[in-house]
Protein chains: 2
Amino acid sequence: MKITAVAETETTTRSVSIAETLRCAILAGEFSPGERMIEINLSERLNVSRTPIRAAFQALAGEGLLVHTPNKGYYVREFSLEDIVQAYEIRAALEGLAARRAAQAGMTTEQMEAVEEALSAGDALVDQEAFTPEDRSHYGQINKTFHDIVHAAGGSTMIRDMLRISQQVAPSSHHNVIAFEPRDVRRRHDDHHRIYEAILTRDGGRAEILMRDHVESVKLSLIRTLHSKPHAE
Amino acid sequence: MKITAVAETETTTRSVSIAETLRCAILAGEFSPGERMIEINLSERLNVSRTPIRAAFQALAGEGLLVHTPNKGYYVREFSLEDIVQAYEIRAALEGLAARRAAQAGMTTEQMEAVEEALSAGDALVDQEAFTPEDRSHYGQINKTFHDIVHAAGGSTMIRDMLRISQQVAPSSHHNVIAFEPRDVRRRHDDHHRIYEAILTRDGGRAEILMRDHVESVKLSLIRTLHSKPHAE
DNA sequence: TCAAAGGATTTTGTGTACAATCTGAAAAAT
DNA sequence: ATTTTTCAGATTGTACACAAAATCCTTTGA
């Protein structure tokens with residue numbers, strides 16, 4: 001039998017790992033929106049030449065995290081409030097699509113178990129009077145888990161790519177700013193239950209409508225919040 | 001195969017103009033899906049060094065026209081039938097969203113005039129018994145005009161970016177392959193009238209539903225066509 | 001004949017030098 | 001004082017050389 005040399009070292013090129021590094025740094029808010037990304041600057045900080053830095057910049061520009069202006073360079077993309085609202089609209093449309101497809105295709109046993117675990121954990125959390133910041137962060141994770149599983153179950157590669165891009169639009173700073181009243185969180189958690197139910201019963205139309213409205217409600221919360229204190233930045 | 005080089009205007013860099021050149025070449029089908037893009041090869045044919053070629057590759061990879069594998073290079077992305085179907089689903093969702101937003105926002109006078117012109121031109125075309133290939137190509141342009149105006153009226157920057165990507169998925173070869181029966185064309189042209197009417201009357205919900213179904217119907221045509229002659233390639 | 005092994009060739013990844021362009025501040029002119 | 005001009009420094013764009021990795025082809029062994 002033919003055995004090709006297996007078990008390669010974790011060979012990733014510098015360009016790829018630097019792109020990963022910078023992606024995390026940008027998403028963590030270590031660069032300000034609109035900030036210019038100076039090649040030689042990062043080249044020194046990361047101990048590589050400009051070449052892999054440029055490659056990483058180009059990759060991140062393709063993902064929409066940086067914007068490029070010829071002869072001027074790369075800048076951290078800044079999102080207007082309008083951009084963020086639009087991103088939620090896109091997410092609503094695409095996550096609705098993914099939920100419908102998930103209902104049509106069905107979930108694997110592992111996915112169902114993972115969703116049920118997330119739902120139970122959420123049940124325990126929202127059953128409190130008030131939320132600590134840790135609770136909020138924890139619920140954020142649970143929420144992400146739920147949506148990720150729906151994407152995995154119903155999202156095609158292309159849908160997931162586009163969802164990833166539209167999710168990057170709302171930077172973490174804004175995400176946390178959104179005032180998540182306990183009442184809103186309970187309502188959204190209840191949405192999760194209903195969406196899962198619709199998927200289980202293979203009701204694609206209902207899953208889609210529920211998911212769309214679920215995501216739209218976050219958009220509306222955002223608009224409401226920023227409307228009541230417009231200059232809260 | 002001859003690549004028509006884009007004119008080197010002084011206001012843009014080589015990387016940008018080469019990306020433009022290659023984008024057109026790929027969309028025109030001058031490279032086969034899955035084909036490996038060899039840097040030095042193109043570098044000689046276009047009389048530049050490998051550096052701007054690499055930059056162009058990276059940009060095109062960001063747009064989804066090429067895929068990159070570390071240490072192996074860039075390949076022309078190939079789309080499975082499943083990919084194409086998924087792209088139509090995404091388009092249906094996003095174009096529906098754009099139509100709703102267009103209805104909510106309303107159209108400018110110029111946009112309305114352009115749509116009405118496209119609709120009239122279409123009316124004249126579909127009123128025939130049979131279509132020549134020129135007719136079909138002409139109708140394709142009219143169709144594109146209609147959708148572009150709706151995108152312009154209702155699509156945010158982000159929606160339009162994503163639509164552009166999902167429209168690139170179905171290469172021209174496949175596009176033309178789809179058997180557009182006169183009956184289907186007439187039906188779709190009628191859809192355009194109704195969608196426009198819904199936008200004019202500011203009925204966002206109706207505009208969205210009609211547009212979604214309109215795009216989905218193309219998807220279904222495609223599935224039907226490829227099902228009846230599976231190995232028509 | 002076939003498959004594995006090895007090396008030569010090709011191709012991509014990276015560093016670096018230099019050219020082209022932009023930026024910002026000081027100097028000159030009104 | 002304000003605007004324009006100029007120019008030096010900084011930054012990006014491009015070419016090229018070399019290193020690292022993959023690919024291809026020949027050779028070798030059963």
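As the structure is a prediction and not an experimental result, all values here were calculated from the model. Just so it is clear, the values below take in all heavy atoms, side chains as well, and ignore hydrogens, waters and symmetry mates. In the text below, chain A, chain B and the rest are named by the order of the sequence lines, each starting its count at 1.
Using a 4.0 Å cut-off, no side-chain N or O of B/K72 falls inside it from OP1 or OP2 of C/dT11. In this model, the phosphate group of C/dT14 is not approached by any side-chain N or O of A/R54 to a distance below 4.0 Å at OP1 or OP2.
In this structure, the OH atom of A/Y74 is 10 Å from the P atom of D/dT12, given to the nearest Å. Look at CD1 on B/I40: it is 15 Å from C1' on D/dT23, rounded to the nearest Å. We find that CG of A/L46 is positioned 15 Å from C1' of C/dG15, with the value rounded to whole Å. With rounding to whole Å, A/H68 atom NE2 is found 10 Å from D/dT12 atom P. In this structure, CG of B/N47 is placed 11 Å from P of D/dC16, rounded to the nearest angstrom. Whole-Å rounding puts the A/E39 CD to C/dT21 P distance at 16 Å. For the pair A/R14 CZ and C/dT16 C1', the computed distance is 14 Å after rounding to whole Å. The distance from atom CG of B/L66 to atom C1' of C/dT12 is 15 Å, rounded to the nearest whole Å.
A/R101 is listed as a side-chain neighbour of A/I159, based on a closest heavy-atom distance under 4.5 Å. With contacts defined as side-chain heavy-atom distances shorter than 4.5 Å, the pair B/R160/B/R164 does not qualify. Between B/I165 and A/M162, the closest side-chain pair of non-hydrogen atoms falls below 4.5 Å.
For C/dG13, its base never sits under 3.5 Å from the side chain of A/S15 at any donor and acceptor pair.
Panel note: side chain A/E117, backbone A/A114; no donor-acceptor pair is recorded below 3.5 Å.
Where B/R36 and A/Y75 each meet DNA chain C at their nearest nucleotide, the meeting point lying more 5' is that of B/R36.
Side-chain proximity of B/T51 to D/dT14, D/dG13, C/dG13: nearest is D/dT14. Residue A/I38 has its side chain nearest to D/dT11 when only C/dC18, D/dT11, C/dT11 are considered.
Among the protein residues, B/R50 comes within range of the nucleic acid bases, having at least one heavy atom under 4.0 Å from a base atom.
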(request) Take A/E95 and A/K219, measure what salt bridge (Lys or Arg N to Asp or Glu O under 4.0 Å) needs, and give me the verdict at the end. (result) CA-CA 14 Å; A/E95 296 216 37; A/K219 180 190 89 173; over 6 Å; no
